[in-house]
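What you see is a predicted model, and the numbers here were worked out from it, not measured in a lab. Hydrogens, waters and symmetry mates play no part in the numbers below; they use all other heavy atoms, side chains included. In listed order, ligands and their atoms are each counted from 1. All residue numbers in this chain count up from 1 along the given sequence.
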Amino acid sequence: VAPLADASASAGKAAEGSEQHLAFPSTSQPPRRAPTFQQPSPLISFSYTPQRELEFTDSALRYYVAPPRGVKLDYGYERWIRRPEERGRLDGLLRAYARVLERGGVGDIGIVSWRGVMTKILTAPYEERDGWDLNVMCVNGTLYLEEHLSEARLKEKNEMEPRHMKMSYYGYAFESYCTSETPSRAGRPVGVAVDAPFAWSGDVDTNVQWCSVVKTKLGNTRMVIGGEVDCVEGHYSNRTDTFVELKTSMTIRGPPDHAKFEKKLLKFYFQSFLLGVPKIIVGFRTPAGVVKEVETFKTMEIPRMVRGKAGAWDPAVCLNWGEQFFDFLRTNMVSGSDSSVWRVRFAPRAGVTLSMLDEAGVADVAGAEAEDRVGFLPRWYWTQVAG
Ligand code: A3P
Ligand code: MG
Ligand code: MG
């Protein structure tokens, strides 16, 4: 939700001279072709503990259990352990990727990034409201992309309005109602407060996350993408076919709500598609957070659901755009060196600009830990891949 005025106030000016621009494709004409997107396959998974330590275990993996209807999503709000917003660092993903590299043989990887960044890029042709900034580096031919959050923007995200904070909590509370630490509800943790409503699986701690790192390919570009997976259905065995994404959304009361929901499905779709998550389970809630309906969507069927509708979107436009976007980066990030940092700025409807950061810009990106970084990459990782 970055307003552009704020994004442009961030530090880091373009280095002397050049700023490249890439305009958007028209979204009214279906593209003649779209690049293929390979079925993602997991390379490795990891968990963040309540202490926010990354460990290569599946301790944070959760199993889907159907939530009863009528549950209230404000339950436990005052006990929410909320992880503060951080800069969009790649550190965790790179620790996992480095492990994969040690095992050897993933081929030529063109792109490494979090799924959230990839979703922003691919859905940009239809984004009408929120701009975003990325920091990009190209090391040994691999592009690394992180979201750039200015200090001001971080502060804003951390000081969310109480109403927004509560709505944000609803999504996590739904996750607690829908998941269990074991494949069946019977195994839900003991020690839950006696007044806990039926089916509550434990208080929300947003430090805890289970992440899957997958390998896939868009057109000719192999990529490694990491992202949180809300839960699995039944079991997990190194495939994405049991992955489940959980979502909440306002109940639909009429055609305008329906159109709004179909627009939202674009983001639901790509978020899941990019990690190979085949199923999205949506809890439709009232403004006060009561779940009225739970509906399952098959990710691959979503584009067909919206085709030909008023606010229709076409995933081919997005995939085509994605390929163009990465070509544009590779073609233009030629000056400088492997330690150069580039800024990509997206503005709705206008398109994207690319510029190399000057020294002050790079220092701003490295932040307080400049000693331990090369550009925005952790120095240990830099030594390992560049050395
Ligand atoms: P909902 O998506 O059900 O609203 P995710 O769905 O990606 O797994 O994220 C889990 C929850 O985190 C979301 O649930 C939402 O409550 C919260 N969340 C995600 N992105 C957010 C953002 N940009 N601002 C506020 N809350 C956010
Ligand atoms: Mg999630
Ligand atoms: Mg979710």
Confirm or rule out an N/O/S atom of Glu175, from backbone or side chain, lying less than 2.8 Å from the Mg ion (ligand 2).
->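 No, Glu175 does not qualify, because none of its backbone or side-chain N, O or S atoms lies under 2.8 Å.
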Residue Glu245, metal the Mg ion (ligand 2), N/O/S under 2.8 Å =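 Within the cut-off used here (under 2.8 Å), Glu245 places no N, O or S atom near the Mg ion (ligand 2).
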Using a 4.0 Å cutoff against the non-hydrogen atoms of [X], which atoms of ligand 1 qualify?
| X | result |
| --- | --- |
| Lys247 | 2 (O), 3 (O), 5 (P), 6 (O), 7 (O) |
| Thr248 | 1 (P), 3 (O), 4 (O) |
| Leu246 | 6 (O) |
| Asp230 | 8 (O) |
| Glu175 | 8 (O), 10 (C) |

Is Tyr169 close to ligand 1, meaning an N/O of one under 3.5 Å from an N/O of the other?
->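 Among all N and O atoms of Tyr169, none is under 3.5 Å from an N or O of ligand 1.
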Lys NZ or Arg CZ of [X] over [Y] ring: under 6.0 Å, within 45°:
| X | Y | answer |
| --- | --- | --- |
| Lys292 | Phe284 | no |
| Arg99 | Phe56 | yes |
| Arg239 | Tyr236 | no |
| Arg379 | Trp382 | no |

For [atom], which candidate among [options] holds the nearest heavy atom?
| atom | options | result |
| --- | --- | --- |
| atom 17 (C) of ligand 1 | Phe174, Tyr170, Tyr172 | Tyr172 |
| atom 5 (P) of ligand 1 | Met160, Glu228, Glu245 | Glu245 |
| atom 7 (O) of ligand 1 | Gln271, Gln209, Met165, Arg285 | Gln271 |

Record the part of Lys157 in heavy-atom contact with ligand 1 below 4.0 Å; permitted values are side chain, backbone, both and neither.
->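 No part of Lys157 is near ligand 1 at this cut-off.
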Quick one: does ligand 1 sit under 4.0 Å from the side chain of His164, the backbone, both or neither, non-hydrogen atoms only?
->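 His164 to ligand 1: no contact under 4.0 Å from either part.
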Using only N, O or S atoms, tell me which atom of Asp230 is closest to the Mg ion (ligand 3).
->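 For Asp230, the N/O/S atom sitting closest to the Mg ion (ligand 3) is OD2.
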Do the rings of Phe325 and Trp321 sit parallel, tilted or perpendicular, given the 30° and 60° boundaries?
->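 It falls in the tilted class, 30° to 60°.
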Using the ring of each side chain (for Trp, its six-membered ring), is Trp80 parallel, tilted or perpendicular to Tyr172, with breaks at 30° and 60°?
->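 Plane angle between 30° and 60°, so tilted.
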Verify whether the ring centers belonging to Trp342 and Tyr144 lie closer than 6.0 Å.
->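 No - the distance between ring centres of Trp342 and Tyr144 does not fall below the 6.0 Å cut-off.
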Distance flag, aromatic centroids of Phe346 and Phe24, threshold under 6.0 Å =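 Yes; Phe346 has its ring centre under 6.0 Å from that of Phe24.
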Considering only N, O or S atoms, which atom of Glu228 is nearest to the Mg ion (ligand 2)?
->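 Looking at Glu228, the N, O or S atom with the least distance to the Mg ion (ligand 2) is OE1.
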Matching residue for Glu127 among Arg349, Lys263, Lys120, Lys267 - test: salt bridge (Lys or Arg N to Asp or Glu O under 4.0 Å) =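 Exactly one pass, corresponding to Lys267.
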Please confirm if an N, O or S atom belonging to Leu246, backbone or side chain, lies less than 2.8 Å from the Mg ion (ligand 3).
->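 Given the 2.8 Å cut-off, Leu246 counts as a ligand of the Mg ion (ligand 3).
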Answer whether the closest heavy-atom distance between the side chains of Val282 and Phe268 falls below 4.5 Å.
->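 Sidechains of Phe268 and Val282: in contact.
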